[in-house]
Amino acid sequence: MQAVGIQNRKKSLNRESNGTIGTSSRLGYQLSFYEHPPTTEIQLDNFEMFAIDRLQVLRRIDVLRARGITGDNFLSELMQTDKDSFPVITKNSTEEERQRDLISHFILRIAYCQTEEHRRWFLTNECQLFGMRFKSLTPSESDAFFKEHGLKYPRLERSEKERLRFKLLTLSGNMSGSQYDAMEYYKVPFTEILNLVGRREVYIEAGSAYVPRTKVISIIEGQFRTSLSRSLTLAYQNISILDRDNRIGPLVKTLAKVAFRYGSASQVIDGQHTDAESVVPIFCDYLATQMGHTEPKKRPCGINKLFVNVGTRKANEQDKTCPIAGRVHKSNTQKYTIYLDTKVMMQGCWDAVCQATNRHVFYQICDGKCVRVGWEPPPVLRSEPSTNDIQSKNGKASFLKGSKAIVT
């Protein structure tokens, strides 16, 4: 696949008459930098299915971050989703599972290389997925991964580790002496882990940083991010190949839109669809044409909510006009929150004094048009939620108080 490989050698799609497409790669890995495109054949039905399964995992990462889940809880929930939608790759994984992992990554790489926003979304979530999978490896599996990818970070000898015991234990916080003895450390050029250096989490001596195994992920993830970013750029440069393939071209273009349906799967409420594709454009058009805002910039927050900032580069007077304060701010602009399932938009302000008032202006889509509701939230948002944040009458989530949703 010339459009998705990071190598400069030529690759092509094998066109077959039986509904399969050619793909490539060696499959002897547990965790991969995805440097080599696949070459095995895949049915077109599986092409789409593999991509959607992986996409569910990436979307789940977005949801977990929006819910503020971190640490072990993040890992356990993500790995559970990963197992349900997409098998975890281990040394005991079948060749079919390895192919599925490899193929699905390259399909989404094609789909999400086409705009800066898509590339950023794909890069962020693939790096998160890579990091979570790396943390699940055993020490021996990690060593095998280092060796396979030529990562030559020498492990500290026992004598040198004893010499640095006091300094390394000082940085390690609550680590006991026995835990220190069991922990393995690596010598890494400090320029490769500037994020850890900036947080003063590693000891540096003679240009080398002494990194515990638990923090080696920062090094590996940084290299994966660099590699994938370069690959996305190369894929974008060769994206015209898809225009000449009438089988996978339409599939890829459809996949590129899926993650940016910020809400859950399209729902029908009162006979109307409420997915993001039918809601967000109406609100953004209203902000630009009716309110005179510049550059409405969307940012997802969970599965049923979306933030919109205006005047992000050069704010005009309308961007800084605040109905809460009743004046034009000197620099602070307005901000908006779109609740997808209820078709409601809430206007706020970045000014701290305005935020302290807890006052907002509400807008709602009625008959396909955005209308100003006023200072009070529409009835669909006014109900008091129960302990489960669910309205008792119709089961809709109360999105002003927070929502609960599942990636479908």
Side-chain angles (χ1 to χ4, degrees), residues 1-9 11 23-39 47 50-62 64-65 74-75 78-79 82 85-86 88-89 98-137 142 145-146 148-151 153 188 191-196 216-239 241-242 252 255-256 258-260 300:
M1 289 185 177
Q2 187 180 11
V4 295
I6 69 168
Q7 304 295 330
N8 290 327
R9 63 181 181 272
K11 294 192 176 295
T23 61
S24 107
S25 180
R26 52 196 183 110
L27 298 171
Y29 62 82
Q30 290 178 240
L31 194 64
S32 175
F33 277 179
Y34 303 105
E35 296 174 331
H36 305 285
T39 53
F47 182 95
F50 289 176
I52 291 176
D53 284 346
R54 191 184 194 94
L55 189 56
Q56 295 305 313
V57 178
L58 300 185
R59 291 183 70 187
R60 181 63 174 172
I61 292 173
D62 264 346
L64 294 176
R65 282 206 307 261
F74 189 105
L75 177 60
L78 178 60
M79 295 308 290
D82 194 79
S85 300
F86 204 74
V88 178
I89 304 303
R98 297 177 192 277
Q99 287 180 338
R100 184 179 177 185
D101 174 70
L102 185 71
I103 292 169
S104 63
H105 170 86
F106 276 93
I107 295 172
L108 293 188
R109 184 187 292 187
I110 303 172
Y112 289 94
C113 74
Q114 301 177 47
T115 69
E116 181 182 353
E117 187 177 16
H118 283 183
R119 289 192 293 271
R120 186 185 306 114
W121 184 90
F122 180 72
L123 182 64
T124 298
N125 293 296
E126 276 287 339
C127 287
Q128 188 81 45
L129 177 61
F130 178 89
M132 293 298 102
R133 285 179 167 182
F134 184 87
K135 290 177 181 177
S136 69
L137 298 180
S142 298
F145 179 81
F146 294 157
E148 181 181 354
H149 291 84
L151 302 176
Y153 303 139
V188 180
T191 54
E192 296 186 17
I193 52 166
L194 294 178
N195 56 337
L196 295 179
V216 168
I217 181 58
S218 297
I219 308 170
I220 308 304
E221 191 172 324
Q223 294 187 356
F224 177 74
R225 175 179 289 273
T226 300
S227 174
L228 181 55
S229 179
R230 184 171 62 249
S231 300
L232 287 169
T233 300
L234 182 59
Y236 174 69
Q237 294 171 354
N238 293 276
I239 197 64
I241 294 175
L242 290 178
V252 169
L255 286 170
V258 174
F260 288 86

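Fair warning: this is a prediction, and the values are worked out from it, not measured in the lab.
Applying the side chain to side chain donor-acceptor pair (under 3.5 Å) test to Gln237 and every residue at least two apart in sequence or in another chain returns nothing. Not counting sequence neighbours, the partners of Arg120 by the side chain to side chain donor-acceptor pair (under 3.5 Å) test are Glu116. In this structure, the side chain to side chain donor-acceptor pair (under 3.5 Å) partners of Glu192, at least two apart in sequence or on a different chain, are Tyr153. With sequence neighbours left out, the ring-ring contact (aromatic ring centres under 6.0 Å, His included) criterion links Phe130 to Phe33, Phe224. In this structure, the side chain to side chain contact (heavy atoms under 4.5 Å, CB included) partners of Ile52, at least two apart in sequence or on a different chain, are Glu48, Gln56, Leu255.
Residues Phe50 and Leu108 have side chains not in contact (no heavy-atom distance under 4.5 Å, counting atoms from C-beta outward). Contact check for Tyr236 versus Arg119: side-chain heavy atoms found under the 4.5 Å cut-off.
Atom OG1 of residue Thr233 and atom CG of residue Leu228 lie 9.5 Å apart, to the nearest 0.5 angstrom. Between atom CD of residue Gln99 and atom CG of residue Leu102 there is a gap of 8.5 Å, rounded to the nearest 0.5 Å. Residue Leu129 holds its CG atom at 10.0 Å from CD of Glu221, rounded to the nearest 0.5 Å. With values rounded to the nearest 0.5 angstrom, Ser32 atom OG is found 10.0 Å from Arg133 atom CZ.
The nearest pair of heavy atoms linking Leu55 to Trp121 is CD1-CH2, 3.6 Å. Annotation for Ala111 and His118: closest pair O-ND1, 4.2 Å, computed over non-hydrogen atoms. The two residues Ile217 and Gly131 have their closest heavy-atom pair at CD1-CA, 3.7 Å.
Under 4.0 Å is where a charged nitrogen must lie from a carboxylate oxygen, and between Glu126 and Arg54 at least one such pair does.
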Walk me through whether Leu232 and Tyr112 qualify under side chain to side chain contact (heavy atoms under 4.5 Å, CB included). CA-CA 8 Å; Leu232 287 169; Tyr112 289 94; 5.6 Å; no
Walk me through whether Met132 and Ile61 qualify under side chain to side chain contact (heavy atoms under 4.5 Å, CB included). CA-CA 10 Å; Met132 293 298 102; Ile61 292 173; over 6 Å; no
Should Cys113 and Ile239 be marked as a side chain to side chain contact (heavy atoms under 4.5 Å, CB included) after you check the CA-CA gap, both sets of side-chain angles, and the distance that decides it? CA-CA 8 Å; Cys113 74; Ile239 197 64; 3.8 Å; yes
Take Phe47 and Val252 through the side chain to side chain contact (heavy atoms under 4.5 Å, CB included) test and state the conclusion after the steps. CA-CA 10 Å; Phe47 182 95; Val252 169; 4.2 Å; yes
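Of the possible donor and acceptor atoms, none in the side chain of Ser229 sits under 3.5 Å from a partner among the backbone N and O of Arg225.
The cationic group of Arg109 does not satisfy the cation-pi geometry with Phe122, failing either the under 6.0 Å distance to the six-membered ring centre or the 45° limit from the ring axis.
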